[in-house]
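One structure is given below, encoded as structure tokens.
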Amino acid sequence: MTVVLYNTLSRRKEPLETLEPGKVNIYCCGVTVYDHCHLGHARCYVVWDTVRRYLQWRGYGVYYVQNFTDIDDKILNRARTENTSMQTVADRYTAAYFEDMARLNILEADAYTYATKTLDGIQRLIGELEHKGYAYPADGDVYYAVRKFAGYGKLSGRRLEDLQAGASGRVNPSETLKHDPFDFALWKAAKPGEPSWSSPWGPGRPGWHIECSAMIREQLADTIDIHMGGSDLIFPHHENEIAQSEAATGKPLARYWMHNGMVNVGGEKMSKSLGNFTTIRQLFETNPGLSPMALRLFLLQGQYRKPVDFTAVALAAAQNSWHTLREGLEFGPQFGPNLGWQPQDLAAEAAVLDRETASVQTFQVAMDDDFNTAGGLAVLFDLAKDLRRAGNLITHTGGADTDSETLKNQWQTLVTLAQVLGLQAGPKHQPESPPGLSVAAIEELLDQRQQARAAKDFAASDRIRDQLQAGGIALIDKPGGVTEWYRQS
RNA sequence: GGCGACAUAGCCAAGUGGUAAGGCAGAGGUCUGCAAAACCUCCAUCCCCCGGUUCGAAUCCGGGUGUCGCCUCCA
């Protein structure tokens with residue numbers, strides 16, 4: 001069995017065959033650091049983080065590189081309005097990026113690259129393209145001559161003639177420096193007051209697309225295994241990357257191109273220009289009870305290539321779903337010791353999980369098929385529900401009807417597979433001393449309630465029950481007049 | 001206008017030829033003074049519409065309809 005993934009380049013699912021057996025080189029287009037990340041970014045990086053985790057679990061040595069675009073007009077504009085420097089703005093939102101991603105349990109890349117730290121590579125690449133006749137300088141700018149590259153359009157499936165027809169109203173004829181409306185800037189001459197770097201073409205800064213081509217070459221190789229990013233980057237960004245890199249090296253830039261679908265709001269793409277975006281931090285500020293894992297789960301419940309509609313209802317459903325999974329994940333720490341599991345066993349044995357079980361196989365079959373996370377999640381829910389049931393039976397009746405060994409295996413499987421999807425219950429925040437009522441006070445109130453019930457003064461007994469409930473104490477009335485209680489978390 | 005994607009229950013969603021996973025919500029039952037919790041059970045004769053291929057189609061083919069994305073910065 002092998003991993004199959006959808007390749008935008010061929011528009012088909014293809015078996016993953018890496019350049020070097022057992023190793024996968026990945027480059028993922030990162031963010032332009034001029035604002036906080038929104039839910040579209042959340043989806044993108046949750047999806048690729050999950051792909052990365054899965055490939056690792058499947059035994060691949062994964063090397064994952066991601067960039068920060070820290071030279072850009074939008075950053076510059078922001079710096080201008082704030083009367084500060086481009087670097088200050090970039091640093092701030094780079095830091096914010098890391099905070100947001102950590103919250104969503106997204107693993108850090110093996111290497112991060114920055115436009116500001118890639119200028120040598122960028123200039124070398126531009127020089128090479130100029131030398132080979134793919135680029136031409138024009139008044140301090142340097143442009144890529146799109147028509148020189150025969151394969152232009154192969155990723156996005158469009159031809160220049162089509163582009164011309166459709167874009168006729170949108171192409172700006174005032175850009176006279178370009179030989180052709182579809183040529184794009186590799187280097188932009190400095191304007192007064194803007195940060196700039198010296199270059200053979202005069203002071204200036206790099207265009208957007210060139211940084212990725214230069215970074216991939218510098219950090220990875222001429223040809224990498226997988227290049228990923230948002231589907232809105234297919235054209236022109238990734239198309240231009242291909243044109244730049246392949247013209248320079250004569251080799252394919254990436255064997256596989258993967259693209260995630262957009263996050264929609266009310267059926268429309270969430271985007272800056274539409275102004276309909278919610279930042280990750282806004283979401284959690286306005287929904288204090290929302291778990292970051294619920295957002296992650298929400299994003300993994302759909303196929304990564306399809307658009308997903310973000311609604312309050314869907315989010316609430318995901319929160320409830322996460323609750324179910326979390327109860328299963330917490331079964332181990334909660335009940336394991338009572339069932340005779342040794343804490344050290346839990347971690348050690350999970351690491352060498354038996355992969356031949358039906359659960360793991362079902363999970364793997366789903367995930368092998370272009371990362372079918374929704375299919376994989378079904379396995380997690382089956383396990384979590386079984387464990388939740390067992391836990392409830394222990395709490396409510398004193399014992400489960402499944403043997404300890406089976407429960408342990410189920411729990412370890414659940415934890416392991418959840419980890420592959422980046423879903424973690426996280427440490428239980430147990431307060432030092434439980435707040436509210438003391439055990440003695442609770443026992444006293446229960447005693448009073450029992451007396452009231454015996455006297456059939458149900459108004460009084462219900463009042464006590466409400467009082468306890470308000471203090472976070474839930475009651476379980478059992479047959480025979482026995483009442484048990486537990487603190488609700 | 002060009003290119004592309006998608007359409008499955010109240011909602012989300014998997015499933016690409018063999019007779020509809022999973023989640024959320026909901027319903028009934030047991031228990032209870034009533035609840036809560038828990039446990040048990042149920043919840044798409046059918047996959048946008050119309051044709052076709054096939055012993056058999058949500059799945060393949062043809063034709064519609066609808067929604068969305070890209071073609072400008074975008075994850």
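Proteins come first, then strands; the chains are lettered A, B, ... in the order of their sequence lines, and each starts at number 1.
- Screening D49(A), L377(A), L297(A) for a side-chain contact (heavy atoms from CB on, under 4.5 Å) with L421(A), the sole residue that qualifies is L377(A).
- S231(A) comes within contact range of no nucleotide atom at all, as no heavy-atom separation falls under 4.0 Å.
- Taking the nucleotide of RNA chain B with the nearest heavy atom to each of N260(A) and I234(A), the more 5' of the two is matched to I234(A).
- As rounded to whole Å, 14 Å separates atom P of A14(B) from atom CG of L299(A).
- Inter-residue side-chain proximity for F277(A) and L39(A) is flagged as unmet; no heavy-atom pair is nearer than 4.5 Å.
- Side-chain atoms of M262(A) lie closest to A75(B) of the nucleotides A75(B), C6(B), C24(B).
- Rounded to a whole Å, the CZ atom of R449(A) is 14 Å from the P atom of U32(B).
- Minimum atom distance to the side chain of Q301(A) is reached by G23(B), of the listed A75(B), G23(B), C73(B).
- In the set A75(B), G33(B), G23(B), G23(B) carries the atom at the smallest distance from any side-chain atom of S321(A).
- Looking at heavy-atom distances under 4.0 Å, H259(A) makes no contact with the nucleic acid at all.
- Computed from coordinates, the L423(A) CG to G23(B) C1' distance equals 13 Å when rounded to whole Å.
- In this structure, R52(A) satisfies the cation-pi test against Y64(A), with its NZ or CZ atom closer than 6.0 Å to the six-membered ring centre and inside 45 degrees of the ring normal.
- Contact annotation: side chain of N372(A) to base of G22(B), donor-acceptor pair absent below 3.5 Å.
- Judged by ring centres under 5.5 Å apart and planes tilted less than 30 degrees, Y45(A) fails to stack against the six-membered base ring of A75(B).
- By the ring pair (Phe, Tyr, Trp, His ring centres under 6.0 Å) test, Y114(A) is found to be paired with F68(A), residues two or more places apart in sequence or in another chain being considered.
- At most 12 heavy atoms of other shown residues, nucleotides or ligands fall within 6.0 angstrom of atom NZ in K191(A).
- Atoms CH2 and CD, from W257(A) and E239(A) in turn, are 8.5 Å apart once rounded to the nearest 0.5 Å.
- Within the 4.0 angstrom heavy-atom criterion, no nucleotide atom of any strand lies near F298(A).
- Of the candidate nucleotides A14(B), C70(B), G22(B), C70(B) has the atom nearest to the side chain of F235(A).
- Side-chain N/O atoms of N320(A) include none lying less than 4.0 angstrom from OP1 or OP2 on G23(B).
- The residue Q303(A) sits close only to the backbone: its heavy atoms come under 4.0 Å of sugar-phosphate atoms, none of a base.
- Side-chain to base pairing of R465(A) with C34(B): one donor and one acceptor N or O lie within less than 3.5 Å of each other.
- If you measure from atom CZ of R463(A) to atom C1' of G33(B), you get 16 Å, rounded to the nearest angstrom.
- Judged by Watson-Crick or G-U wobble contacts below 3.5 Å, the nucleotide G51(B) has C61(B) as its partner.
- Contact annotation: K272(A) does not reach the phosphate of A75(B) (side-chain N/O to OP1 or OP2, under 4.0 Å).
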Full working for ring pair (Phe, Tyr, Trp, His ring centres under 6.0 Å) between Y144(A) and Y152(A): CA-CA 12 Å; Y144(A) 187 98; Y152(A) 197 79; 7.3 Å; no

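- Using a 4.0 Å heavy-atom criterion, one finds that A474(A) contacts no nucleic acid atom at all.
- Here the options are H227(A), M228(A), H209(A), the test is side-chain contact (heavy atoms from CB on, under 4.5 Å), and the partner is H238(A); only H227(A) passes.
- Residue S156(A) is in sugar-phosphate contact alone, with no base atom involved, counting any heavy-atom pair closer than 4.0 Å across all strands shown.
- Taking atom CZ of F381(A) as the reference point, atom C1' of C12(B) lies 11 Å away to the nearest angstrom.
- Contact annotation for G157(A): backbone-only contact, meaning every heavy-atom pair under 4.0 Å involves sugar-phosphate atoms and none involves a base.
- As the counterpart of U67(B), A5(B) is assigned, both hydrogen-bonding distances of the Watson-Crick or G-U wobble pattern falling under 3.5 Å.
- Positionally, the nearest nucleotide of RNA chain B for V313(A) lies more toward the 5' end than for the other of Y34(A) and V313(A).
- Taking the six-membered ring for Trp and the full ring otherwise, the centers of Y304(A) and W48(A) sit less than 6.0 Å from each other.
- Atom NE2 of H41(A) and atom CE of M101(A) lie 7.5 Å apart (nearest 0.5 Å).
- Put simply, K306(A) has no side-chain N or O that comes within less than 4.0 Å of OP1 or OP2 on G69(B).
- Using a 4.0 Å heavy-atom distance criterion, D72(A) is classed as making no nucleic acid contact.
- Among the heavy atoms of the strands lying under 4.0 Å from G30(A) are primed sugar atoms or P, OP1, OP2 only; no base atom is included.
- In the set G23(B), G33(B), A75(B), A75(B) carries the atom at the smallest distance from any side-chain atom of D232(A).
- Rounded to whole Å, the P atom of U16(B) lies 24 Å from the corresponding atom of G63(B).
- For A374(A), the listed nucleotide lying nearest its side chain is A21(B); candidates were A21(B), G69(B), G2(B).
- For R296(A) and A75(B), the CZ to P distance is 19 Å, given to the nearest whole Å.
- Nucleic acid contact for V308(A): none, since no nucleic acid atom lies under 4.0 Å from a heavy atom of the residue.
- Comparing C73(B), A14(B), A75(B) by their nearest atom to the side chain of M270(A) picks out A75(B).
- R355(A) forms a cation-pi arrangement with W57(A), by the criterion of a distance under 6.0 Å to the ring centre and an angle within 45° of the ring axis.
- Residue contacts for A378(A): at a heavy-atom cut-off of 4.0 Å it reaches a base atom on one of the strands shown.
- Here A75(B) presents its P atom at 11 Å from OH of Y97(A), a figure rounded to the nearest Å.
- Residue contacts shown for K456(A) are absent, as no nucleic acid heavy atom lies under 4.0 Å away.
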Letter per nucleotide, 5' to 3', of nucleotides 36-41 of chain B [B base touched, S only sugar-phosphate touched, - untouched; heavy atoms, 4.0 Å]: BBSSS-

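- The nearest whole Å value for the distance from the CG atom in L315(A) to the C1' atom in A13(B) is 16 Å.
- Checking C71(B), A75(B), G4(B) against the side-chain heavy atoms of R11(A) singles out G4(B) as nearest.
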